[in-house]
Amino acid sequence: MNMMQVIQSVVWAVLLWPCLVSLGVPLECKDEQGSIILCASISKEKLLDRVIQHAELIYRVSEESCTLFEEMFVPFPMRSQRNHAGYTCATKAFPIPGSKSEIQQISDKWLLHSVLILVQSWIEPLVYLQTTLDRYDDAPDTLLKKTKWVSEKLLSLEQGVVVLIRKMLDDDMLTTSYYEQGVAPYNLQPEVLESVLRDYTLLSCFKKDAHKMETFLKLLKCRQTDKYSCFLH
């Protein structure tokens, strides 16, 4: 290994340290026989498929959680008002490409890094959401379990995307800006209705971003086979 490779390895280790510490253990995948293997040891094609499956499940459960919360706690007249009074999505804006020309102009690097930023921007808010839902007197176990499941799976998705970036982008490197939180901290003690509306907005915004994660990853997969025929309907 030459000096440049050594330097690159050290830089990678430093930049990825916050991610690896937060995850604790490597993401595990199952091969065709059901044996447990590390995701870093499988091909990028299979890893991309697993990451997409992960994103699909996260989006599906986020939809179910949002609907369940709405039915349980949000008065019908208030359901259309969650974007008023300052309750708007605060995550970084990543518009979904709307035409073939836009799709062809974006890069694999942009897609992967956009997914990673979205994933990491929601890790802390979902931890907050678990804490605040525990204070609801009549929160159903199903809702609590779903939000906990999504929070845990988001960490796994984060690691899968990081490994995918290393596999697909070779020596392209992450920067510390990708670890900045994109959602405002939720550490206030509001009144009951205000808390309900804020949590409802949080779930709704996460559902939108989870859909973007899934969409970007599926677009990435399509571009691996035929970059010029991919189109989002």
Side-chain angles (χ1 to χ4, degrees), residues 4-5 7-20 22-23 26-29 31 37-60 62 91-123 153-183 206-233:
M4 182 58 68
Q5 290 175 316
I7 293 174
Q8 289 178 345
S9 297
V10 171
V11 172
W12 260 112
V14 171
L15 292 177
L16 291 176
W17 178 247
C19 172
L20 296 178
S22 67
L23 296 172
L27 181 66
E28 293 180 339
C29 297
D31 60 17
I37 56 176
L38 298 182
C39 284
S41 66
I42 66 177
S43 68
K44 64 182 180 182
E45 292 79 15
K46 290 183 178 179
L47 178 57
L48 179 55
D49 287 339
R50 285 171 168 79
V51 168
I52 289 175
Q53 291 169 3
H54 228 61
E56 287 175 338
L57 286 172
I58 288 173
Y59 174 56
R60 185 188 312 164
S62 72
T91 47
K92 298 175 185 297
F94 292 100
I96 296 178
S99 65
K100 275 192 174 182
S101 61
E102 290 177 351
I103 290 172
Q104 291 166 8
Q105 289 172 10
I106 60 178
S107 65
D108 292 350
K109 179 179 179 179
W110 185 90
L111 287 169
L112 281 167
H113 284 175
S114 296
V115 172
L116 184 60
I117 293 170
L118 285 170
V119 169
Q120 292 177 333
S121 70
W122 278 105
I123 291 174
K153 294 303 178 184
L154 200 64
L155 291 175
S156 296
L157 180 60
E158 178 194 24
Q159 186 172 16
V161 173
V162 167
V163 175
L164 198 56
I165 287 176
R166 298 186 69 173
K167 284 179 174 289
M168 296 189 70
L169 303 183
D170 296 325
D171 46 359
D172 278 15
M173 294 184 296
L174 306 178
T175 67
T176 53
S177 63
Y178 294 124
Y179 296 96
E180 294 175 355
Q181 293 298 320
V183 180
F206 175 69
K207 182 181 72 172
K208 291 179 182 179
D209 281 352
H211 181 249
K212 285 184 181 181
M213 298 172 203
E214 177 189 349
T215 300
F216 288 166
L217 289 167
K218 287 182 175 179
L219 178 56
L220 178 66
K221 179 177 174 61
C222 178
R223 287 164 58 92
Q224 304 311 301
T225 54
D226 189 349
K227 177 179 180 180
Y228 299 101
S229 66
C230 298
F231 189 72
L232 300 177
H233 298 285

[X] [atom1] to [Y] [atom2] distance, which is reported to the nearest 0.5 Å:
X: K208; Y: Y59; atom1: NZ; atom2: OH; value: 11.0 Å
X: L164; Y: L112; atom1: CG; atom2: CG; value: 5.0 Å
X: L220; Y: L48; atom1: CG; atom2: CG; value: 5.0 Å
X: D108; Y: I165; atom1: CG; atom2: CD1; value: 11.0 Å

Heavy atoms, side chains only, cut-off 4.5 Å: are [X] and [Y] in contact?
X: E214; Y: I52; value: no
X: K212; Y: L118; value: yes
X: E56; Y: L217; value: no
X: H113; Y: L169; value: yes
X: L219; Y: I106; value: yes

Taking every heavy atom of I58 against every heavy atom of A210, the minimum-distance pair comes out as CG2-CB, 4.4 Å
Which pair of non-hydrogen atoms, one from I42 and one from K167, has the smallest distance, and what is that distance? O-NZ, 2.8 Å
Criterion side chain to side chain contact (heavy atoms under 4.5 Å, CB included) on V161 and M213, from CA distance to verdict: CA-CA 10 Å; V161 173; M213 298 172 203; over 6 Å; no
Only counting residues at least two apart or in another chain, list the ones meeting salt bridge (Lys or Arg N to Asp or Glu O under 4.0 Å) with K44. none
Could you list the residues that satisfy salt bridge (Lys or Arg N to Asp or Glu O under 4.0 Å) with E45, not counting sequence neighbours? none
Set out, in order, the CA-CA distance, both residues' side-chain angles and the distance that settles side chain to side chain contact (heavy atoms under 4.5 Å, CB included) for L157 and W122, then state yes or no. CA-CA 12 Å; L157 180 60; W122 278 105; over 6 Å; no
Full working for side chain to side chain contact (heavy atoms under 4.5 Å, CB included) between L57 and K153: CA-CA 9 Å; L57 286 172; K153 294 303 178 184; over 6 Å; no
Under the side-chain hydrogen bond (donor to acceptor under 3.5 Å, both in side chains) rule, collect the residues that match up with Q53, sequence neighbours excluded. none
